[in-house]
Amino acid sequence: MPAALILYCVGALLALAILAAGIARRRVATPIIYGTSLVVTLAILTVVLSELLAGAQPSSITLPLGLPWIGAHFRLDALSAFFLAVVSLGAAAASLFALGYGRHESEPARVLPFFPAFLAAMNLVVLADDAFTFLLSWEFMSLTSWALVVAHHHNRDNLRAGYIYLLMASFGTLMLLFTFGMLAGPDGGYAFATIREASRSPELAALVLAFVLIGTGSKAGLVPLHVWLPLAHPAAPSHVSALMSGVMTKVAVYAFIRIVFDLLGPPEWWWSMVVLALGGITAVLGVLYALMQHDLKRLLAYHTVENIGIIFIGLGLALAFQANGLGWAAALALTAALFHVFNHSLFKSLLFFGSGAVLTSTGERDMEHLGGLIRFMPQTAFVFLVGSAAISALPPLNGFVSEWMTFQAIFLSPELPQWGLRLLIPAIGAMLALSAALAAACFVKAFGVSFLGRPRSAAAERARETDSFSLAAMFAFAGLCLVAGVLPGFVIDGLSPVTQSLIGDHMPMQAARPFLSITPAIQSHNSYSGLLIFIFVTIAASLGAYFIRSFASHKVRRSPAWDCGFPDTSPVTQYTAGSFAQPIRRVFGTMIFHAREHVAMPRPGDTQPARFSVTLRDLVWDVFYAPIGVAVSFAATRFNHLQFLTIRRYLGLVFFALVFLLLVLAVWQ
């Protein structure tokens, strides 16, 4: 059975984690652990792809574990097969990258045992078919990823990132615990099959939606639950950052889809307004936060927030169309969201791999200390450019296709009868367009400041190309970004079983269309051919290069280069990351970041240098989390004396608490 085969592979990963704990300090540990992880995850990928593409029936297995008389239920269906493919593909690439990157790891004993355990946990979450197994696997995923975040524990910032991540992860698990408690009801039917068959009131369903948005949104990175993400992702080793950003956040998306589209029952139309609003706000704020960053990994982490917002826009549209009986439109929106899940796992993992290669070569993450790396790391620069173009939604790469499909779903909003959705969805479309434009600007900054120009530090001047394993992983994902963009019809057709199982409808089959173009829903709407665009771009670029080489003047001419009014050749006269962000900061910064620019200009004749600094505030942190921290600190100070009570006072306190709870129970009944 396919489910049993995957569980055997998960067991192999857990055994590998135990082995890693014993041999982590030996030199052979890195190739053994990462090489075996690569083989196991490729085996899982082979199994799930064969099941998904063959349209096989769901397979289930129950193990005598977990709750007494219930057991641990696991199930492989179309939805879990797709997300297992995303997980295993990302895990295989991270394992391949780590074969080279791991040799530079300063704390291998703190990374190697938890890496395969983390992979096993993500697979178990997607396979779980009852609430207990799901929550246990979810918490196991959180703890193993937390251990990887604090692997470099000597850095105080990493410890703070791990502390905040653990708090947010525990809070999210608590919300999911409430979610499954309400779904199971008073009978305690925790198996997903039992939950599907149960009926629940609209009020209870709405409460479940709120809890699941908080529980999964805190792991995925929905605003305002995203605060841990830009702290934890940069703190982890780069191959783990790629897993957390490109894969683990998708496991959270899977949890939302599984509960809302599968377990909760038919949706109400207004649910989509909540999801759409959160998705739009998340997309715009994520990219604005990213534009303000100078740390390359932190910038990429904030872009994960943006792309999670894009995915939830697609899911919100699918809920709106499904609630109104427009199955074909819901299938388009859900396919766009799932396609973007796949796309983001590719280009975000690729970009984190690239940042890891830069970090290994230079020891720097601050873009202000990089520059000129295209001369010393040309292959890394090329694949990073491919990832930058893909995440910026430029055709013919894959990021364009899923965002274009999302816009096509937005254009179908006049079909909806509710005026609230008719007004909201165009506004969300404008926010999506704004986030796409700002993402392009952000990656012009990221690539230009890091790889172009002149080196801004001695570390950048000493940079050398990364190892062959890391390059192989990056080129493989760069190739997949191109293939998924040029031949998107095959991906869309592969997603048809997933949308059919959740929506009851799917997009028209795309692979047989002329020129491998895709038509989102019906013939009268727009179509897109990534293959034709790729051919046109290739021919135009080739002809341009040919004519330039053939007909341009070959005479050598020497003249001073245009210096923009700055004849000084010092690298400090180049555009910086702050220079790129300044126009955007002045437009949005005052309102969103409370940006303040401070200029210290010396008096005439004073030889001291002028100084310029910018302060930014995270309003989400200031409004939501700082008051909570103050309240907790205040309460802890006030209740601290309870630790020093006598035994009689402790007994009295317990007695009055019992009486109070009995009174609450009596009033409740």
Side-chain angles (χ1 to χ4, degrees), residues 1-24 26 28-53 59 61 63 65 72 74-76 80-103 105 108-109 111-128 133 136-138 140-141 143-145 147-148 236-237 239-240 242-244 246-248 250-251 254 342 345-346 349 353 469-470 472-473 476-477 480:
M1 292 177 62
L5 290 175
I6 297 174
L7 284 178
Y8 281 124
C9 292
V10 170
L13 289 172
L14 293 174
L16 188 62
I18 297 173
L19 174 64
I23 67 170
R26 301 183 182 180
V28 297
T30 294
I32 289 176
I33 301 304
Y34 290 128
T36 308
S37 297
L38 173 62
V39 172
V40 174
T41 51
L42 286 176
I44 297 175
L45 180 63
T46 303
V47 173
V48 296
L49 282 181
S50 61
E51 290 293 303
L52 183 62
L53 298 178
S59 61
I61 187 171
L63 300 180
L65 303 170
F74 300 95
R75 185 171 184 260
L76 180 66
S80 57
F82 167 70
F83 276 92
L84 281 172
V86 172
V87 170
S88 54
L89 180 62
S95 301
L96 177 60
F97 180 84
L99 282 171
Y101 178 85
R103 290 180 300 189
E105 176 59 53
V111 176
L112 290 176
F114 299 105
F115 181 81
F118 182 37
L119 303 184
M122 290 190 289
N123 282 281
L124 286 174
V125 171
V126 180
L127 276 176
T133 305
L136 185 65
S137 304
W138 182 275
F140 184 39
M141 177 180 71
L143 291 175
T144 50
S145 57
L148 291 166
H239 60 300
V240 177
L243 278 176
M244 294 182 68
V247 178
M248 187 183 73
K250 310 310 175 301
V251 176
Y254 162 80
F342 174 68
S345 70
L346 292 180
S349 297
F353 292 159
F469 288 111
S470 300
F477 266 24
L480 286 176

May I ask you to decide if the ring planes of H239 and Y34 are parallel, tilted or perpendicular, using 30° and 60° as cut-offs?
perpendicular

Sequence neighbours excluded, the answer for ring pair (Phe, Tyr, Trp, His ring centres under 6.0 Å) partners of F118 is none

List, one per line, each side-chain donor-acceptor pair under 3.5 Å for residues 81-88, sequence neighbours excluded.
from, atom 1, to, atom 2, distance (Å)
S88, OG, L84, O, 2.7
S88, OG, A85, O, 3.3

As an exercise, state the distance from CD1 of I32 to OG of S37, rounded to the nearest 0.5 Å.
11.5 Å

Holding to side chain to side chain contact (heavy atoms under 4.5 Å, CB included), I want the full list of residues that pass it with L136, two or more places apart in sequence or in another chain.
F132

Step by step, would you call M122 with V247 a side chain to side chain contact (heavy atoms under 4.5 Å, CB included)?
CA-CA 9 Å; M122 290 190 289; V247 178; 3.7 Å; yes

With a 3.5 Å distance limit and no angle check, can you tell me whether T36 reaches the backbone of I33 through a side-chain donor-acceptor pair?
no

F353 to A242 - nearest heavy-atom pair and separation:
CE2-CB, 3.4 Å

For S80, what residues pass the side chain to side chain contact (heavy atoms under 4.5 Å, CB included) criterion, not counting sequence neighbours?
L76, D77, V126, Y254, R258

Could you walk me through whether L243 and L119 pass the side chain to side chain contact (heavy atoms under 4.5 Å, CB included) test, one step at a time?
CA-CA 9 Å; L243 278 176; L119 303 184; 3.6 Å; yes

Distance-only, no hydrogens or angles: does the S349 side chain make a donor-acceptor pair with backbone N or O of L346 under 3.5 Å?
no

Would you list the atom pairs, donor with acceptor, under 3.5 Å between side chains in residues 3-17 and any protein atom, with sequence neighbours excluded?
none

Closest non-hydrogen atoms of L96 and F469, given as atom of the first, atom of the second and distance, are O-CB, 3.5 Å

Which distance, rounded to the nearest 0.5 Å, do you find between the OG of S470 and the CG of L99?
8.5 Å

Closest non-hydrogen contact found for W138 with V251 is CZ3-O, 4.2 Å

With sequence neighbours left out, what residues match S137 under side chain to side chain contact (heavy atoms under 4.5 Å, CB included)?
L124, V125, T133

Quick one, L480 with L89, criterion side chain to side chain contact (heavy atoms under 4.5 Å, CB included). Give me CA distance, side-chain angles, the key distance, then yes/no.
CA-CA 11 Å; L480 286 176; L89 180 62; 4.2 Å; yes

If you draw a 6.0 Å radius around CZ in F342, do more than 12 non-hydrogen atoms from other residues or ligands fall strictly inside?
yes

Which heavy atom in A29 sits nearest to a heavy atom in L112, and how many Å separate them?
CB-CD1, 3.7 Å

